[in-house]
Undergrad: 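What follows is a single structure, and I will ask about it in a moment.
Source: prediction; values computed, not measured. Positions are given from 1 along the sequence.
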Amino acid sequence: KVFVGGLSQSTSKQSLDAYFSQFGNADSFIMLDKATGRSRGFGFVNFTDEAAVQTVLGLQHEVDGTPVTVSAYQPGGGKAGGATSSGSRSDHHHGDSAPGQRPIASREQLK
């Protein structure tokens, strides 16, 4: 799984899947704002092959005409929004789902 940041508002799950499937079997999800339903500008892509993840991490990417940042997914955060590992998420729910199965998470859960 990789974190993808800097997504355009026009980027959809379909266009993100289409772009990243050139590297292998890709299943993406874009984080949406609960109140507006609009993209929060980042998402995640799951790959079935670790080699695809390593290839993706070694390249620069542009999706829908917008340069994006790609970094290794780290459970518990650290990549979304420059969070620090201060343990500040202890009051949030964070163990109730299988990896890749919940397309909606709060900003706090991703720190």
Side-chain angles (χ1 to χ4, degrees):
K1 182 188 274 191
V2 296
F3 167 83
V4 183
L7 295 174
S8 162
Q9 285 294 313
S10 66
T11 297
S12 66
K13 172 182 173 34
Q14 292 76 21
S15 63
L16 204 56
D17 282 347
Y19 175 80
F20 282 104
S21 45
Q22 69 183 303
F23 303 102
N25 186 10
D27 180 31
S28 67
F29 57 96
I30 297 172
M31 303 307 289
L32 302 177
D33 180 277
K34 284 194 283 190
T36 66
R38 289 174 46 103
S39 169
R40 292 174 57 196
F42 69 95
F44 300 91
V45 182
N46 291 310
F47 292 95
T48 56
D49 182 13
E50 181 61 26
V53 172
Q54 295 309 313
T55 299
V56 165
L57 292 174
L59 300 171
Q60 302 231 356
H61 303 279
E62 186 174 291
V63 179
D64 294 329
T66 302
V68 297
T69 59
V70 177
S71 55
Y73 171 74
Q74 296 181 353
K79 293 297 178 187
T84 61
S85 57
S86 63
S88 61
R89 59 187 190 96
S90 61
D91 60 333
H92 299 284
H93 303 286
H94 51 75
D96 59 345
S97 66
Q101 298 301 311
R102 307 272 301 200
I104 299 173
S106 73
R107 179 172 303 222
E108 295 303 313
Q109 287 172 313
L110 295 171
K111 288 186 178 179

Undergrad: Can you measure from OG1 (Thr69) to CZ (Phe42) and round to the nearest 0.5 angstrom?
TA: 11.0 Å
Undergrad: Does any N or O in the side chain of Gln54 come within less than 3.5 Å of the main-chain N or O of Ala51, such that one atom is a donor and the other an acceptor?
TA: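 Looks like no, no N/O pair under 3.5 Å.
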Undergrad: Looking at Gln60, I want to see if its CD is surrounded by more than 12 non-hydrogen atoms of other residues, nucleotides or ligands under 6.0 Å.
TA: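 No, CD of Gln60 has 12 or fewer neighbouring heavy atoms, counting only those of other groups under 6.0 Å.
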Undergrad: Heavy atoms only: give me the nearest Thr66-Gly6 pair and the separation to one decimal.
TA: CG2-O, 3.4 Å
Undergrad: Can you tell if the side chain of Val4 reaches within under 4.5 Å of the side chain of Val2, non-hydrogen atoms only?
TA: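 Result yes, sub-4.5 Å side-chain heavy-atom pair found.
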Undergrad: Considering non-hydrogen atoms only, spot the tightest contact between Leu32 and Gly37 and give its length.
TA: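 Distance-wise, the nearest heavy atoms are CD2-O, 3.8 Å.
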Undergrad: Please tell me if the side chains of Ile30 and Leu7 come closer than 4.5 Å, counting only heavy atoms from C-beta onward.
TA: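 Sidechains of Leu7 and Ile30: in contact.
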Undergrad: Can you tell me how far CG of Asp33 sits from CZ of Arg40, rounded to the nearest 0.5 angstrom?
TA: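 The distance works out to 7.0 Å.
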Undergrad: Quick one: does any side-chain atom of Asp17 pair with a main-chain N or O of Ser28 as donor and acceptor, under 3.5 Å?
TA: yes
Undergrad: Using ring centroids (six-membered ring only for Trp), state whether Phe44 and Phe29 fall under 6.0 Å.
TA: yes
Undergrad: Judged by atom type as modelled, is there a donor-acceptor pair below 3.5 Å linking the side chain of His61 to the main-chain atoms of Val70?
TA: no
Undergrad: Is there side-chain contact between Phe20 and Val63, with heavy atoms separated by less than 4.5 Å?
TA: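 Sidechains of Val63 and Phe20: in contact.
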Undergrad: So, the side chain of Ser21 versus the backbone of Gly24: is there a donor-acceptor pair under 3.5 Å, distance only?
TA: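 It does not hold such a pair.
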Undergrad: Please report the closest heavy-atom contact between Ala52 and Phe47, naming both atoms and the distance.
TA: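 Here Ala52 and Phe47 meet closest at CB-CD2, 3.8 Å.
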Undergrad: Indicate the atoms forming the closest heavy-atom contact of Asp27 with Lys13, along with that distance.
TA: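 Heavy atoms only, the tightest pair is OD1-NZ, 2.7 Å.
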Undergrad: For Gln9 and Ser39, indicate whether the former's side chain and the latter's backbone hold a donor-acceptor pair under 3.5 Å.
TA: yes
Undergrad: Under 3.5 Å, is there a donor on one side chain and an acceptor on the other for Thr11 and Asp64?
TA: yes
